[in-house]
There are 2 protein chains.
Amino acid sequence: MATVRDVAEAAKVSVSTVSLAFNQPSRVAEATRLRILAVAGELQYRPHGIARDLRIRHTNTIAVLLHNLSGPFYSELIRGVEDEADRSGLTTIVSRATPNRPGGTIRLLHEGRVDGAIVLDPLISADSLRQYAGPRLPIVVLDRTISVASDYVIPVVADHEGGGYQAGRFLITLGYQHYALITGPADSTDSQLRQKGFFRALREANLQWQQVPVISGLFTEDGGAEATARLLDTGYRPDAIFAANDEMAIGAMQTLARYGLAVPDEVALIGFDDIRLARYVSPPLTTIHQPMYDLGRAAMQRLSDTMQGKLGLPPVVLSTHLVIRGSTAASPTKAGEVPYAGS
Amino acid sequence: MATVRDVAEAAKVSVSTVSLAFNQPSRVAEATRLRILAVAGELQYRPHGIARDLRIRHTNTIAVLLHNLSGPFYSELIRGVEDEADRSGLTTIVSRATPNRPGGTIRLLHEGRVDGAIVLDPLISADSLRQYAGPRLPIVVLDRTISVASDYVIPVVADHEGGGYQAGRFLITLGYQHYALITGPADSTDSQLRQKGFFRALREANLQWQQVPVISGLFTEDGGAEATARLLDTGYRPDAIFAANDEMAIGAMQTLARYGLAVPDEVALIGFDDIRLARYVSPPLTTIHQPMYDLGRAAMQRLSDTMQGKLGLPPVVLSTHLVIRGSTAASPTKAGEVPYAGS
DNA sequence: CCGCAAGGTCGAAACGTTTCGATAGGAGTA
DNA sequence: TACTCCTATCGAAACGTTTCGACCTTGCGG
């Protein structure tokens, strides 16, 4: 691999002139510049990124750390990040954030290989985030809010609470009466907020939100299926279920089918996220759409701003919206039916 | 950020001793080593990865370049790569391979930021691959085969031809007679091979494979829908369609529904890839499963071997298998029906 | 008591850039 | 002619490591 020194010798100039020719073209005479460029082309010279990064003390690279890479859910997010990163000339690399693998997160964040990070992984603790983060490595966090904020740990979130509220309102206007909630793991802030919003809607409508059963599952399809089974095994028969994410809603759908309960005729179902699958299950899933692309863009913007020293910007909260599909009935159950079957 | 020099001073030893303490512990006296470690902990010292990489002349990082990141399809692949990379102590970073973006591929591959790459992106030309690749940057290619091979451009593929054959055999044993093919873009080797295998099955069964209509689409859901419409608009009514990937098969499913053709009763449908969605559409899609996880592992293995100087290994071809779901009938259409409707 | 090997430590060079300050030459001005 | 001021170029230092060869102790055997 040709180095700047090779080019310098071949072009009969000093190393610094070659570097200048590339980085500050105006400072070297036209003739010499052309000669250098020609020689460089000849030798297939490419500046060595690592050496450059060492010298200039930053990498122009930012990392996106994800819990897993499945789903267009994340794909959209990354597209947003990239589109925005391009505008600042930053390179985006994606990595699965596996806390304890030697080759993973640590190497990227802690060895100065990136100038910033966007993290979406509940498994990385707030503590380690705070420890990693600093003026030379701001971190945008996409899945939690209050607990982590500081000058260099910046939350960007969707309005989970508002989304939960939208779900609640919608079911209420449809006239459902007997609700059930399938939430995520207890430590998921997102899940808590969605639940909170949902209950707020119920409360505002003077419904007995305290008596609505809340079952928690794993945020996965199987988790949702299992949680729903636990719910139904109590004998309770809700006429509408709000699942804290689409994966669980889809799991719920399977369990409902297994129990012979028709969706949406006997039980309405609403999810959260609007993953691609939601459109394809039958019936298609009514859900709350999260603006993943916009979240990605906003995250990258905040990161970029912070990297340029703009501190103390107001937190970003993007709104969600309701997507009505077939898993909720246009004509709701009549009010007043008996919620408990004779199980 | 503390440097090795800071640690050295604080521990009253030379810089080299500190480095030794970390990298060749046996070469420094136990007492000093402990002292150094203590001081390093105190100062929160982390070696600077970039400086290290520059000195040792490699990065222990490999890049996975993907056309896009959607789908558990790629997620599985990456999991395979990572599991294998861990065993060699390599860090994996993923990037969308967007040929002409300044911050993308070029920076990663051409500026010496990675020691190897795994590429799955039909848009990167064989030429640029050959140009990038070399002893210091072997590249494993996952989506093409003959055209690119060299010592440092190594193909790892699924047996697309065999998969196409499996699809063909299966439809034949079910007794279908009037086939149609929805292929991907003309320049996709994968698609060609799948078609070739499919036709081989037909030929072996003495069926008129030359007369089977072949429509090409975009490898996307919409592409499949559109291609299917073009097919049906000719008036031809196949009783079985082989789509060269699942996305297109799902698109086809939609068009078939629009034309009032029931799947699988009036038209059987088989796809390729076994993406997650395949299980959820209705009817669930019969398809050819590609072993993405294994492909990822195999790719990483080959890469690692090549990086260690093992050249000329035999090409890797992993086999596919048939996954039977609802889009093909258990009881096939009777032979001899009229394939052309009165359109 | 001397010489030598082994163990422990160190200084310096190297990796390939960028950039600061200096220098040389030439043009313009007085 | 002598001075200043540009412009084009250069040399050297710096970024933070790793590693090679050298050096200095010690302890031991002869």
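Predicted model, so just to flag it, every value in this text is computed and none were measured. Sequence lines set the chain letters: A, B, ... in the order given, protein chains first and strands last, and positions in each chain run from 1.
Heavy-atom distances to DNA chain C give each of B:Arg57 and B:Ser16 a nearest nucleotide, and the one nearer the 5′ end belongs to B:Ser16. Residue B:Arg27 is the one, among A:Ser19 and B:Arg27, whose nearest nucleotide of DNA chain C lies closer to the 5' end (criterion: closest heavy atom).
Contacts between chain A and DNA chain D, taken as any atom within less than 4.0 angstrom of a protein heavy atom, begin and end at D:dA8 to D:dG16.
Residues B:Ala21 and B:Ile36 approach most closely at CB-CD1, 3.8 Å, considering heavy atoms.
Rounded to whole Å, atom P of C:dC10 lies 15 Å from atom CD of B:Gln24.
Ring geometry for A:Tyr132 versus A:His110: interplanar angle over 60°, hence perpendicular rather than tilted (30 to 60°).
A:Leu54 comes within 4.0 angstrom of a base, heavy atoms only. Residue contacts for B:Thr3: at a heavy-atom cut-off of 4.0 Å it reaches the sugar-phosphate backbone alone, with no base atom in range. Using a 4.0 Å heavy-atom distance criterion, B:Phe22 is classed as making no nucleic acid contact. Counting any heavy atom pair closer than 4.0 Å across all strands shown, A:Val15 reaches a base atom. Counting non-hydrogen atoms under 4.0 angstrom, B:Asn23 reaches the backbone sugars and phosphates but no base. Among the heavy atoms of the strands, none lies under 4.0 Å from B:Arg33.
Looking only at atom types and distance, the side chain of A:Arg107 has a donor-acceptor partner in the side chain of B:Thr61 under 3.5 Å away. For the residue pair A:Thr59 and A:Asp53, no side-chain donor N or O sits within less than 3.5 Å of a side-chain acceptor on the partner.
Other residues, nucleotides and ligands contribute over 12 non-hydrogen atoms within 6.0 Å of the CD atom of B:Gln131.
For B:Arg27, the salt bridge (Lys or Arg N to Asp or Glu O under 4.0 Å) test picks out no residue, with sequence neighbours left out.
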